[in-house]
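Notes follow the structure.
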Protein chains: 2
Amino acid sequence: MSNISDIIEKFILDAIKQDSEIDLSRNELANFFGCSPSQINYVLSTRFTLDRGFDVTSQRGGGGYIRLVRVNEDSVLRTVLNRLKEPIDYLGAKHILDNLVYNNVISEEESDILSLAVSSKALSSPINNENYIRSQILRNVLVNIKRGK
Amino acid sequence: MSNISDIIEKFILDAIKQDSEIDLSRNELANFFGCSPSQINYVLSTRFTLDRGFDVTSQRGGGGYIRLVRVNEDSVLRTVLNRLKEPIDYLGAKHILDNLVYNNVISEEESDILSLAVSSKALSSPINNENYIRSQILRNVLVNIKRGK
DNA sequence: TATAATAAAGGTCAAAGATAGTCAAAGTGA
DNA sequence: TCACTTTGACTATCTTTGACCTTTATTATA
């Protein structure tokens, strides 16, 4: 039970008990616990996952940080998230969105935007390039959102 | 966190909150914040871009200045759609979304959703499969959507 | 007055610094 | 053995600085 990862996990869990969002310094933590910095990544990636209700973002460079956010868990949402571990086609996604609107998890406007964002037109791409797909999604949403208003 | 660039950014944002156009002195600013003058250029070029709705002009020589202007609302969407003909990284997208919110083209909620939808986490993918990316996007959005501000 | 020198801005870019991320290999314990 | 942990070398990203460059205004001088 006394492996460093568990100890670090407890430490972080304790820190995020009060606030639902905290900023960590990878190097400071590693230093504090006398471990390698990548150990912090290990702890985060094995214990602070989406499945367990955590979201991690970070920034490098001077003043960099690791931001940990505790995510809300709702039973409808949990079911949906489970389904979304698998690939899903547009129609399936649409059904899920309708369902979420019905259950007041998201609003109709939010659903509209999301369905544009995940339409085939937005996502089908000859090349697997993140930046390329990103601009395609935004373009698709923005072009169509104007029509709707 | 505490990197000077963020602090300077806040300072300038605050200054331009009242007037939609301000003149800055590079040297004075650098002096005030105790940083190198070129740091000011760094802040301007990374944070006060056209994508974010700012236009920067300047004059050298005695009595020189840096003029910051918020761009005209009408041209915003056109500029953005034009920009989106090219691939775009996450930070660029975020800037565009902020700008669209500022100009009332989309709401803050819509921006929040979209920025989750096009985050690196949502889009980075080992395989170029539409359905796979779709579920990833939705998952990423839904997991984070409930954190009320 | 016209021109040349100097001063007073701001611009550029590459290197150094400061973080964080990745991945594979080695270690550990049930 | 096998899964989990730990480490370190290498990579990626963002920030900060400084040396050198360009432009413009002002002052000195022929």
Side-chain angles (χ1 to χ4, degrees), chain A residues 1-13 22-52 54-69 129-131 134, chain B residues 1-12 22-52 54-69 87-95 119-126:
Chain A
M1 179 24 116
S2 57
N3 68 61
I4 298 191
S5 290
D6 288 341
I7 296 174
I8 298 175
E9 178 190 8
K10 290 233 167 56
F11 178 87
I12 297 179
L13 277 175
I22 55 173
D23 282 0
L24 306 170
S25 156
R26 190 177 83 141
N27 288 341
E28 266 183 29
L29 267 185
N31 206 52
F32 182 71
F33 287 107
C35 63
S36 71
S38 56
Q39 178 104 42
I40 305 302
N41 296 88
Y42 176 71
V43 172
L44 290 172
S45 65
T46 55
R47 288 142 162 94
F48 293 86
T49 61
L50 279 187
D51 284 347
R52 299 200 192 181
F54 295 99
D55 189 40
V56 181
T57 51
S58 65
Q59 169 115 28
R60 308 183 190 191
Y65 57 82
I66 295 176
R67 180 161 297 159
L68 195 61
V69 180
N129 176 290
E130 181 184 320
N131 292 348
R134 178 176 292 112
Chain B
M1 276 340 210
S2 56
N3 68 63
I4 297 189
S5 290
D6 287 343
I7 295 173
I8 297 175
E9 177 191 6
K10 292 222 171 63
F11 178 86
I12 298 178
I22 55 173
D23 282 359
L24 306 170
S25 155
R26 190 177 84 142
N27 287 340
E28 266 182 30
L29 267 185
N31 206 51
F32 182 70
F33 287 107
C35 64
S36 71
S38 55
Q39 177 106 42
I40 305 301
N41 296 88
Y42 176 71
V43 172
L44 290 172
S45 66
T46 55
R47 289 140 161 96
F48 292 86
T49 60
L50 248 190
D51 284 350
R52 258 176 135 175
F54 295 100
D55 189 35
V56 181
T57 51
S58 64
Q59 169 109 33
R60 308 185 188 189
Y65 57 83
I66 295 176
R67 180 160 297 160
L68 236 184
V69 183
I88 191 169
D89 65 17
Y90 176 69
L91 217 54
K94 197 81 174 65
H95 291 164
S119 70
S120 283
K121 230 182 233 174
L123 298 186
S124 72
S125 162

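Within the nucleic acid shown, B:S36 comes within 4.0 Å of at least one base atom, counting heavy atoms only. Residue A:I40 is out of contact with every strand shown, counting any heavy-atom pair closer than 4.0 Å. At a threshold of 4.0 angstrom between heavy atoms, the contacts of A:R47 are confined to the sugar-phosphate backbone, with no base atom among them. Base engagement by A:G61 is indicated by at least one non-hydrogen atom pair under 4.0 Å involving a base atom.
Checking side-chain atoms of B:R52 against main-chain N and O of B:H95 turns up no donor-acceptor pair under 3.5 Å. Here the side chain of B:K121 pairs a donor or acceptor atom with the backbone of A:V56 at under 3.5 angstrom. The backbone N or O of A:T46 lies less than 3.5 Å from no partner atom in the side chain of A:T49, so there is not a single donor-acceptor pair.
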note = Pairing string of DNA chain D (Watson-Crick or G-U wobble, both atom distances under 3.5 Å; | = paired to other strand) is ||||||||||||||||||||||||||||||
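Side-chain proximity of B:N27 to C:dG21, D:dT24, C:dG10: nearest is C:dG10. Side chain of A:Y42, nearest nucleotide from D:dC4, C:dG10, C:dA20: D:dC4.
A straight line from CD1 of B:I8 to P of D:dC14 spans 18 Å, rounded to a whole angstrom. Put simply, CD on B:E9 is 12 Å from P on D:dT16, counting in whole angstrom units. C:dA20 atom P lies 14 Å from atom CG of A:L68, rounded to whole Å. Atom CD of A:Q39 and atom C1' of C:dG21 are 15 Å apart (whole Å). As a whole-Å value, the separation of B:N3 CG from D:dT15 C1' is 7 Å. Summarising the geometry, the separation between CG on B:N31 and P on C:dA8 is reported as 15 Å, rounded to the nearest angstrom. Remark: P of C:dT19 and CD of A:Q59 are 12 Å apart, rounded to the nearest angstrom.
One finds the CZ atom of A:F11 at 13.5 Å from the CD1 atom of A:I4 (value rounded to the nearest 0.5 Å). Expressed to the nearest 0.5 Å, how far OG of B:S25 lies from OH of B:Y65 amounts to 13.0 Å. Atoms CD1 and CG, from A:I22 and A:L24 in turn, are 4.5 Å apart once rounded to the nearest 0.5 Å.
Phosphate proximity of D:dC14 to B:S5: absent, as no side-chain N or O sits under 4.0 Å from OP1 or OP2.
Closest-nucleotide positions on DNA chain D for A:P37 and A:T46 were compared, and the one nearer the 5' end corresponds to A:T46.
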message = I need a per-nucleotide contact map over nucleotides 22-30 of chain C, read 5' to 3'. Cutoff is protein heavy atoms under 4.0 Å; write B for the base, S for backbone only, - otherwise.
response = BB-------
